[in-house]
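This report concerns only the one structure given below.
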Amino acid sequence: MQFIVYLLVYPFLWIISILPFRILYAVSDCLYFLIYTVFGYRKKVVRNNLAMTLPHLTEKERLEVEKKSYHHFCDLFLEMVKTMSISSKEINKRFVITNLDLVQEYELKGKSIMLLVSHYASWEWLVVLNKKVRFQGVAVYKKVNNKYFDRLVKKIRSKYNTTLVVNNETIPLIANNQRNQILSIYGIPSDQSPMLHKVFYDDRFMGIRVPVHTGAETLAKKYNLNVLYAKVTKVKRGFYECTLVPISDDSKSVPNYELTTKYLRAIEQQILEAPEYYFWTHRRWKHRLD
């Protein structure tokens, strides 16, 4: 059954991927109408999240953020599909790393990097970084249930020198790379709600106390990795900039959970500046502690 679904869906994905961007975004506008207006996909979740985290905005202002966030959500999905066929020249024009020299400095120091990523703006096109550095690029991801689509995702990412690993493969991979002195840059998104049995720490995120992921910090401290935050901003439709923000170059000496706290504060700042580009459909605050 999985293969049949793949055979039925794949041709549509490929057609979408070869569309010119002007037409791609016209399709995105139609998709927005279906998802937001007709089906109301997770609209209640989004409204609750916005009401909890942005109480300083009026109801009208939050509604405006809501609509813009769904537009961005549709753009992001189609941009992800576009990655199947986009040229290196085009994606480099649309996703710019503003301070690549910082990674190059770390490469000269011979020390691997923990790159903290958030579900803000575009995290999908961040894979272009791996074609610009000598480090091995590793991205931690959630495995797709359909094994054929999972294979497709890995194929797309491999174009950009990215190795995909699921959560339980991360520790053995980092340990092996450290033993064999394989310098790597590990991209880990840690801003979603963790499983409760894996919770070791809680913090305030957007003013609400919630359990938070600490796995990236634990690994960074154990192996003394440099820690950066990938601050991605949306310049305009279809164009993004990423600035690599140093969090620590001596993670072992940083007090426990301080790296995680700095990471959360960095995301909050971006959300408050332009909340419409955050991934509000996730149930991030479902385990609120106050």
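The basis for the numbers below is simple: all heavy atoms, side chains too, and nothing from hydrogens, waters or symmetry mates.
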[X] atom [atom1]: more than 12 heavy-atom contacts under 6.0 Å:
X	atom1	value
Tyr32	OH	yes
Asn168	CG	yes
Glu273	CD	yes
Ile171	CD1	no

For this session: Please go through Ile4's hydrophobic cluster and name the other residues, only I, L, V, M, F, W, Y counting, with side-chain heavy atoms under 4.5 Å joining them.
Result: Leu8
Exercise. Apart from Phe239 itself, which Ile, Leu, Val, Met, Phe, Trp or Tyr residues share its cluster (side-chain heavy atoms under 4.5 Å, direct or through members)?
Worked result: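 Its cluster partners, ordered by chain and number, are Val235.
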Indicate whether any N or O donor in one side chain lies under 3.5 Å from an N or O acceptor in the other, for [X] and [Y].
X	Y	result
Tyr106	Asp249	no
Asp250	Ser253	yes
Lys109	Asn226	no
Ser118	Tyr229	yes
Tyr223	Asn177	no
Asn176	Asn180	yes

Exercise. So Tyr186 and Gln136, side-chain hydrogen bond (donor to acceptor under 3.5 Å, both in side chains) or not? Walk me through it.
Worked result: CA-CA 8 Å; Tyr186 305 99; Gln136 179 191 70; 5.5 Å; no
For this session: Tell me, with the steps shown, if Thr83 and Trp125 meet side-chain contact (heavy atoms from CB on, under 4.5 Å).
Result: CA-CA 8 Å; Thr83 312; Trp125 282 355; 3.0 Å; yes
Exercise. Are Trp280 and Tyr70 an aromatic pair by the rule of ring centers under 6.0 Å?
Worked result: no
For this session: Answer yes if the ring centres of Trp123 and Phe279 are under 6.0 angstrom apart, and no otherwise.
Result: yes
For this session: Test side-chain hydrogen bond (donor to acceptor under 3.5 Å, both in side chains) on Tyr25 and Glu79 and set out the steps.
Result: CA-CA 9 Å; Tyr25 290 124; Glu79 287 165 1; 2.7 Å; yes
Problem set entry | Smallest separation among heavy atoms of Pro189 and Tyr263, with atom names | C-OH, 4.2 Å
Seminar exercise, completed: Closest non-hydrogen atoms of Val117 and Leu126, given as atom of the first, atom of the second and distance, are CG2-CD2, 3.7 Å
For this session: Could you give me the CA-CA distance, side-chain angles and deciding distance for Phe149 and Leu13, then say whether side-chain contact (heavy atoms from CB on, under 4.5 Å) is met?
Result: CA-CA 11 Å; Phe149 283 114; Leu13 296 179; 3.7 Å; yes
Problem set entry | Under the side-chain contact (heavy atoms from CB on, under 4.5 Å) test, residues paired with Asp101 that sit two or more places apart |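 Result, side-chain contact (heavy atoms from CB on, under 4.5 Å) vs Asp101: Asn99, Gln104, Glu105.
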Tabulate below the donor-acceptor pairs under 3.5 Å that side-chain atoms of residues 36-45 make, not counting sequence neighbours, or state none.
from	atom 1	to	atom 2	distance (Å)
Tyr36	OH	Glu66	OE2	2.5
Arg42	NH1	Thr281	O	2.9
Lys43	NZ	Tyr36	O	3.0

Exercise. Are any of the side-chain heavy atoms of Lys89 and Asn92 separated by less than 4.5 Å?
Worked result: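 They are not in side-chain contact.
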Problem set entry | Heavy-atom side-chain proximity of Glu169 to Val140 below 4.5 angstrom |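 When only atoms from C-beta onward are counted, Val140 and Glu169 do not touch, as no gap falls below 4.5 Å.
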Atom [atom1] of [X] and atom [atom2] of [Y]: how far apart are they, to the nearest 0.5 Å?
X	Y	atom1	atom2	result
Arg47	Met52	CZ	CE	14.5 Å
Asp203	Thr260	CG	OG1	8.0 Å
Glu276	Ser69	CD	OG	8.5 Å

Exercise. What residues, two or more places apart in sequence or in another chain, satisfy side-chain hydrogen bond (donor to acceptor under 3.5 Å, both in side chains) together with Glu90?
Worked result: Arg94
Exercise. Are any of the side-chain nitrogens in Asp75 or Arg237 under 4.0 Å away from the carboxylate oxygens of its partner?
Worked result: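 Looking at Asp75 and Arg237, the cut-off is met.
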Problem set entry | Lys82 NZ/CZ over Phe21 ring centroid, <6.0 Å and within 45° of normal |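 Satisfied, under 6.0 Å and within 45°.
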For this session: Mind jotting down which residue pairs meet the salt bridge (Lys or Arg N to Asp or Glu O under 4.0 Å) criterion with at least one end in residues 110-131? Sequence neighbours excluded, please.
Result: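 Listed by first then second residue: Glu124-Arg157.
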Exercise. Knowing that exactly one of Leu228, Leu225, Ile247 qualifies, which makes a side-chain contact (heavy atoms from CB on, under 4.5 Å) with Leu115?
Worked result: Leu228
